[in-house]
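Labels below follow one simple rule: chain letters A, B, ... track the order of the sequence lines, proteins then strands, and each chain is numbered from 1.
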Protein chains: 2
Amino acid sequence: MAPAEGLHAARSRGRNTRQLVHEVLRSRIVGLELAPGSAVSENDLAAELGVSRTPVRESLILLADEGLVDIYPQMGTFISRIRERDVASAQFIREALECAALREAVEKVTARDVAELRALLTAQEEADRHSDMQGFFQLDEDFHARLMAVSGHASAWPVVSQAKAQLDRARRLSLPMTQQMSLLIGQHREVVDLLEEGDLDRADGALRSHLRLVFSDVEKIRAKHPELFSDEDAPLRPRRDSARRTASRGDG
Amino acid sequence: MAPAEGLHAARSRGRNTRQLVHEVLRSRIVGLELAPGSAVSENDLAAELGVSRTPVRESLILLADEGLVDIYPQMGTFISRIRERDVASAQFIREALECAALREAVEKVTARDVAELRALLTAQEEADRHSDMQGFFQLDEDFHARLMAVSGHASAWPVVSQAKAQLDRARRLSLPMTQQMSLLIGQHREVVDLLEEGDLDRADGALRSHLRLVFSDVEKIRAKHPELFSDEDAPLRPRRDSARRTASRGDG
DNA sequence: ACTGACGTACTTGTATGGTAGCCGACCGAC
DNA sequence: GTCGGTCGGCTACCATACAAGTACGTCAGT
């Protein structure tokens, strides 16, 4: 009850309601707080967030453009299930852009860049020690973003980030993440080392295999949580949760 | 006058008003019918297209997300000027994704794929003969899209297309295009030939230099039409065209 | 002539009302 | 028991009304 009442209060800075709602919803979707396949409605969200339908609707349209929700006119809006095709596409985009950036980064990297990347690595180890998955995901995002920035193509990061969102949504479920985290950090460190050495091909290979590992994780998760993935066969019939009001209405 | 009255009539198929308006505006922007730096207003567009502000507004939000318009709250919405940074970023994204796709395409290409690509090449020559720039741009788009599809990553095309839009907007001005077209077609043909031969590295190189040529074109155009580009220095003060009503009101 | 305050007309942002269309449950016919 | 029609409730879509804020033209004061 009375959940996100503080949304309006935080409007102080330049961001308007639409942008705030967009961030909140995106965070909830990527964080799996809103499960793939579940229905969301403009009305319910507007009521919950304490705003009108307009900014909610506009946010949902943007999220649909990002592939995070599917809007079926006159039927409803649903958190998109993870699609085989989208995952493969996202992986391809990530790998192509991040590796291409890394190859350029080798020529431009400075000592300061390496220091900043190393600082992120130690922070990741800290998160690992505290089993802080939420924090680790954020630091992982920061690391890869920083890596692209070294090449001077930071402005291409939003594209990678959008592709990454599709993958991260599944990775959140990787329960033995506590075991994985140190492995991932080790791979990060290897990339930084090779980048500093200027070994272009091996750095590229290290980053590529790191990204592929993430990709294979998703495939494992698919076996464990098939309900989050789309069957590709009958994705055109999203079910509307029928017995919803009956329970809350009680009887008389 | 009575301009785009036929917008509602064409709603027959699944696309709703928002998507139609989005396509119309995007086409006008990329086709330079709406000049970079010029102001557009939700009200004016709605009146012209014969729809309400809502779908127009939602389309503009999407276009802002694509970087084609800049929305300044309470000030106005402006067709975005071409920014040095965005052009470089778009070029990087295109090159990384298209070349990565090509490298995978070499292993998967079929005789049918080559035939379809060759068919597009002959169509491009036809457009060249007729000096049909509009048609050539469309066929160029088709060619690059088809090329990516060969690799099996057709779903990544929208990302490339979005980046490409930033470049094409400038390329439309390249007046000596009639001279360039045969050159570009030749490069296309070289890529297809090398793809068919399976020569991965040379195909990659050919495509890369083709894309770089497009990039250098933009730089030449920048010298000729600086008004379309942003100064990067004072982009924060878009001017509102004051004497607007006076001119259009002028009746007979 | 120049400067500064003010008002008007415009802008986008947000809220709300009404419409077409789809789903799912209910109910009568066979 | 099974099938087909009907009706209620929900949805997103579009239109419209109101609010908050900015820029520019005007005009008084210097």
Which nucleotide sits closest to the side chain of [X]: [options]?
{"X": "Pro55(B)", "options": "dC13(D), dA15(D), dG13(C)", "result": "dA15(D)"}
{"X": "Ile71(A)", "options": "dC13(D), dT14(C), dA15(C)", "result": "dC13(D)"}
{"X": "Arg18(A)", "options": "dC22(C), dT14(C), dT22(D)", "result": "dT14(C)"}
{"X": "Gln74(A)", "options": "dC13(D), dA23(D), dT12(C)", "result": "dC13(D)"}

d([atom1], [X]; [atom2], [N]) in whole Å:
{"X": "Leu49(B)", "N": "dC14(D)", "atom1": "CG", "atom2": "P", "result": "13 Å"}
{"X": "Asp70(B)", "N": "dT22(D)", "atom1": "CG", "atom2": "P", "result": "18 Å"}
{"X": "Tyr72(A)", "N": "dC10(D)", "atom1": "OH", "atom2": "C1'", "result": "17 Å"}
{"X": "Asn43(B)", "N": "dA9(C)", "atom1": "CG", "atom2": "C1'", "result": "12 Å"}
{"X": "Glu42(A)", "N": "dC13(D)", "atom1": "CD", "atom2": "P", "result": "6 Å"}
{"X": "Phe78(B)", "N": "dC10(C)", "atom1": "CZ", "atom2": "P", "result": "15 Å"}
{"X": "Asn16(B)", "N": "dC22(C)", "atom1": "CG", "atom2": "P", "result": "13 Å"}
{"X": "Arg15(B)", "N": "dC13(D)", "atom1": "CZ", "atom2": "P", "result": "16 Å"}

Establish, from distance only, whether the side-chain atoms of Glu98(B) and His153(B) form a donor-acceptor pair under 3.5 Å.
no

Regarding Val40(A), tell me which of base, sugar-phosphate or nothing describes its non-hydrogen contacts under 4.0 Å with the strands shown.
sugar-phosphate

For the pair Arg81(B) and Glu227(B), find out whether any cationic side-chain nitrogen is under 4.0 Å from an anionic carboxylate oxygen.
no

Salt-bridge contact Asp142(B)-Arg146(B) (side-chain N to carboxylate O under 4.0 Å):
no

Quick one: closest heavy-atom pair of Ser89(B) and Ser155(A), and the distance?
CB-OG, 3.2 Å

Here the pair of heavy atoms bringing Ser80(B) nearest to Asp70(B) is CB-OD2, 3.4 Å

Would you say a side-chain N or O of [X] is under 4.0 Å from OP1 or OP2 of [N]?
{"X": "Ser52(A)", "N": "dA15(C)", "result": "yes"}
{"X": "Thr77(B)", "N": "dT12(C)", "result": "yes"}
{"X": "Ser41(B)", "N": "dT11(C)", "result": "yes"}
{"X": "Thr54(A)", "N": "dA15(C)", "result": "no"}
{"X": "Arg53(B)", "N": "dT16(D)", "result": "no"}
{"X": "Arg57(B)", "N": "dG13(C)", "result": "yes"}

So how far off straight is the helix from dA1(C)-dT30(D) to dC30(C)-dG1(D), going by the axes through five pairs at either end, to 10°?
10°

Can Arg83(B) be said to sit on top of Phe229(B)'s aromatic six-ring, NZ or CZ under 6.0 Å from centre and within 45° of the ring axis?
no

Over 60° means perpendicular and under 30° means parallel, so classify the ring planes of Phe78(B) and Tyr72(B), tilted if in between.
perpendicular

Side chain to side chain contact (heavy atoms under 4.5 Å, CB included), that's the test. Do Trp157(B) and His144(B) meet it? Break it down for me.
CA-CA 9 Å; Trp157(B) 173 250; His144(B) 285 277; 3.7 Å; yes

